[in-house]
Trainee: 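Attaching a single structure in structure tokens format; questions to follow.
We use all heavy atoms of the structure for the numbers below, so side chains are in, but hydrogens, waters and symmetry mates are not. As the structure is a computational prediction, the values presented were derived from the model and not from experiment. Order of the sequence lines sets the chain letters (A, B, ...), proteins ahead of strands, with each chain counted from 1.
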Number of protein chains: 2
Amino acid sequence: METGRTLMDVVKERCEHCSGRSLSICNAIDDEDLPALVAESSRISVPSGRSFIEEGAPAHDFYVLTSGRAKLFNLMPDGRRQIVGFAELGDFLGLAASETYAFTAEALGDATLCRFPHSSIDRLIERFPRLRCRLQEEASSELVSLQARLMLLGRKTAKERLASFLVEQARPCCRVGGEAGAERPLTLSLPMSRTDIADYLGLTIETVSRTFGHFKKEGLITVKGASSVTLLSFKELSNIANGVR
Amino acid sequence: METGRTLMDVVKERCEHCSGRSLSICNAIDDEDLPALVAESSRISVPSGRSFIEEGAPAHDFYVLTSGRAKLFNLMPDGRRQIVGFAELGDFLGLAASETYAFTAEALGDATLCRFPHSSIDRLIERFPRLRCRLQEEASSELVSLQARLMLLGRKTAKERLASFLVEQARPCCRVGGEAGAERPLTLSLPMSRTDIADYLGLTIETVSRTFGHFKKEGLITVKGASSVTLLSFKELSNIANGVR
DNA sequence: AAAATGTATTGACATAGATCAAAAATTTTA
DNA sequence: TAAAATTTTTGATCTATGTCAATACATTTT
């Protein structure tokens, strides 16, 4: 951190307008304690397509995604790929690691992150015990969502998988327009390619494309230019996602 | 806990000969501190086929499996099932939960467990800070293994899935005979049915059975009475599991 | 704006694994 | 130990999704 600026200046610049503030683990820290948090972390910018966590690299840091999105994936020797998750605003990354990271993380569009060395997290937990619970929550909810993904990959049909994906993406920070649960159109901006979606859902791009086609024909969605999808019946998609006949 | 027995008596009975002692989170606690651990937990016995954690029930407790095995699974409304994991000696259960448990856990054969209410774990962590790291490790390794399972379900062939399963089961506590990595026969006792294996691997029982058949024909395994499998070439199975051609 | 490049869709066909149906093996019960 | 019940294996067939190939559509470059 350069001199000539006080810690308070950095807090102002980094946290005051951070849209991840209320979503991330930072919400376990009171405003007046932010300087301690900032002192233990650094901010990094990652251009589109660049990876900032490498599978197999020594796991020294945790990350909080503060803008943009990212994809997390694993590769097999012959190039088969499984995307294990998409990260968005406020997501905490790096828990799935022992000595080394278990996945690669790559920015989907430009992204910024706050980096916390493991040792810093330990110090912060000691000082702010609430942070421990917050991290435990983070790990638990990650475990829950991975278990749901196992059901998706092991037992759901292509339609159920894509419906699950769309319903999952229909969270506040992915929405372009439209309200919550209400039964009116809800437009999503999907920053990932069809290949990414396929590798997330354990399908091929052709099947993803055809399944989008079915949903269009059945009047469940409209698609504008591949990356903008409008859900016309969230309820019905949600039923399909859960295998409700 | 009944009177007339000191805490030390219970420790002796419960922990001294507990084969999970060195594997479970209990290994973060020194022998002289075991009474505190025992005071915060209770021991339960679960007969074969009975469930002790129910998906959707309020999540009040964590469990450590101290004998036997268990299967953890999720159901869809129409009965499709995904087994999210098999638990064995020393495994810590209950992390995948928010307000309610995200899975059902059922004993595979008779099992015993130690139950720790969430509040007890909080108290124990406060008293034994090493326990926090131990639990974090537990969560991390669970996340890593779930991510590996995503690759299995999303991208691996039937042969790769079954080979992965066999290699995974070839851990010390599942072995009946045979040594570690060495290239000599290694016999496993599989307490789960073919249906369980199928629901774990995202396949049907017929495909599991046929794939066992392939491995037999190729001289990779021998099978005795469906629940005893001998791995003749761990190395080759491991290559298949990882998609190495 | 046109050309070039990359990405997504659509179509024809192939196949791994599912489904349905016996038969065989194993385990349980009597 | 024999009979019954259950589980596993094997066989025949089907189908959802994959593969390969050709357009079509977007986006970027010139």
Trainee: Could you tell me the separation between the NE2 atom of His214(B) and the P atom of dG11(D), rounded to a whole number of Å?
Mentor: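 Checked: the NE2 to P distance equals 11 Å.
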
Trainee: From C-beta outward on Leu203(B), which listed nucleotide comes closest to its side chain: dA8(C), dG11(C), dG17(C)?
Mentor: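 Of the options given, the side chain of Leu203(B) lies nearest dG17(C).
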
Trainee: Do Leu93(B) and Tyr101(B) make a side-chain contact, defined as non-hydrogen atoms from C-beta onward lying under 4.5 Å apart?
Mentor: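 The answer is no, as the side chains (C-beta and beyond) never meet within the 4.5 Å cut-off.
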
Trainee: In whole Å, what is the span from the NZ atom of Lys216(B) to the P atom of dT8(D)?
Mentor: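 So the two atoms are 12 Å apart, to the nearest Å.
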
Trainee: Closest approach to the side chain of Ser193(A), judged atom by atom: which nucleotide of dT19(D), dA8(C), dT17(D) is it?
Mentor: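 Comparing dT19(D), dA8(C), dT17(D) against the side chain of Ser193(A), the answer is dA8(C).
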
Trainee: Rounded to the Å, how far apart are Asp196(B) CG and dT8(D) P?
Mentor: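 Between P of dT8(D) and CG of Asp196(B): 9 Å.
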
Trainee: Looking at residues 237-245 of chain A, who's got a heavy atom less than 4.0 Å off DNA chain C?
Mentor: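 Of all residues in residues 237-245 of chain A, none places a heavy atom under 4.0 Å from DNA chain C.
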
Trainee: Nearest whole angstrom, please: distance from the C1' of dA18(C) to the CD1 of Ile205(B).
Mentor: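 For the pair Ile205(B) CD1 and dA18(C) C1', the rounded distance is 11 Å.
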
Trainee: Confirm from the modelled atom types if Arg210(A) and dG11(C) form a donor-acceptor pair under 3.5 Å, side chain to base only.
Mentor: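 Counting by modelled atom types and ignoring angles, a donor-acceptor contact under 3.5 Å is found here.
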
Trainee: How close or far is atom P of dT8(D) from atom NZ of Lys224(B), stated in whole angstroms?
Mentor: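 In whole Å, dT8(D) P lies 17 Å from Lys224(B) NZ.
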
Trainee: Which label fits Phe86(A) and Tyr200(A): parallel for a plane angle under 30°, tilted from 30 to 60°, or perpendicular past 60°?
Mentor: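 Plane angle between 30° and 60°, so tilted.
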
Trainee: Within the 4.5 Å heavy-atom criterion, are Leu220(B) and Leu232(B) side-chain neighbours or not?
Mentor: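 In short, these two side chains do not touch, never coming nearer than 4.5 Å.
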
Trainee: So which nucleotide from dT19(C), dG17(C), dG11(C) ends up closest to the side chain of Thr204(B)?
Mentor: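 So the side chain of Thr204(B) is nearest to dT19(C).
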
Trainee: Going by atom types alone, do Thr112(A) and Ser45(A) pair a side-chain donor with an acceptor below 3.5 Å?
Mentor: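 Their side chains do not contain a donor-acceptor pair, so the 3.5 Å distance test is not met.
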
Trainee: Write down the distance between CE (Met192(B)) and C1' (dT7(D)), rounded to a whole number of angstrom.
Mentor: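 Taking atom C1' of dT7(D) as the reference, CE of Met192(B) is at 16 Å.
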
Trainee: With DNA chain D as reference, determine whether Ser227(A) or Lys156(A) sits nearer its 5' end, using the nearest nucleotide of each.
Mentor: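 The residue whose closest nucleotide sits nearer the 5' end is Lys156(A).
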
Trainee: Counting only distance, no hydrogens or angles, is the base of dT10(D) paired donor-acceptor with the side chain of Arg194(B) under 3.5 Å?
Mentor: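 Such a pair does not exist between side chain and base.
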
Trainee: Tell me which nucleotide among dT17(D), dT8(D), dG11(C) gets nearest to the side chain of Thr207(A).
Mentor: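 The closest nucleotide is dT17(D).
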
Trainee: Whole Å only: how far is the CG atom of Leu190(B) from the P atom of dT27(C)?
Mentor: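 Distance, rounded to whole Å: 13 Å.
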
Trainee: Please compare Val208(A) and Val223(B) by the position of their nearest nucleotide in DNA chain D and report the one closer to 5'.
Mentor: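 It is Val223(B) whose nearest nucleotide is closer to the 5' end.
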
Trainee: For Glu99(B), I'd like to know if atom CD has over 12 heavy atoms of other residues, nucleotides or ligands within 6.0 Å.
Mentor: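 12 or below, so no.
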
Trainee: Quick one: does any side-chain atom of Arg245(B) pair with a main-chain N or O of Asn239(B) as donor and acceptor, under 3.5 Å?
Mentor: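 A pair under 3.5 Å: no.
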
Trainee: For the side chain of Thr66(A) and the backbone of Gly20(A), is there at least one donor-acceptor N/O pair under 3.5 Å apart?
Mentor: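 No.
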
Trainee: Rounded to whole angstrom units, what separation is found between the CD atom of Glu206(A) and the P atom of dT10(C)?
Mentor: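 Going from CD in Glu206(A) over to P in dT10(C) covers 12 Å.
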
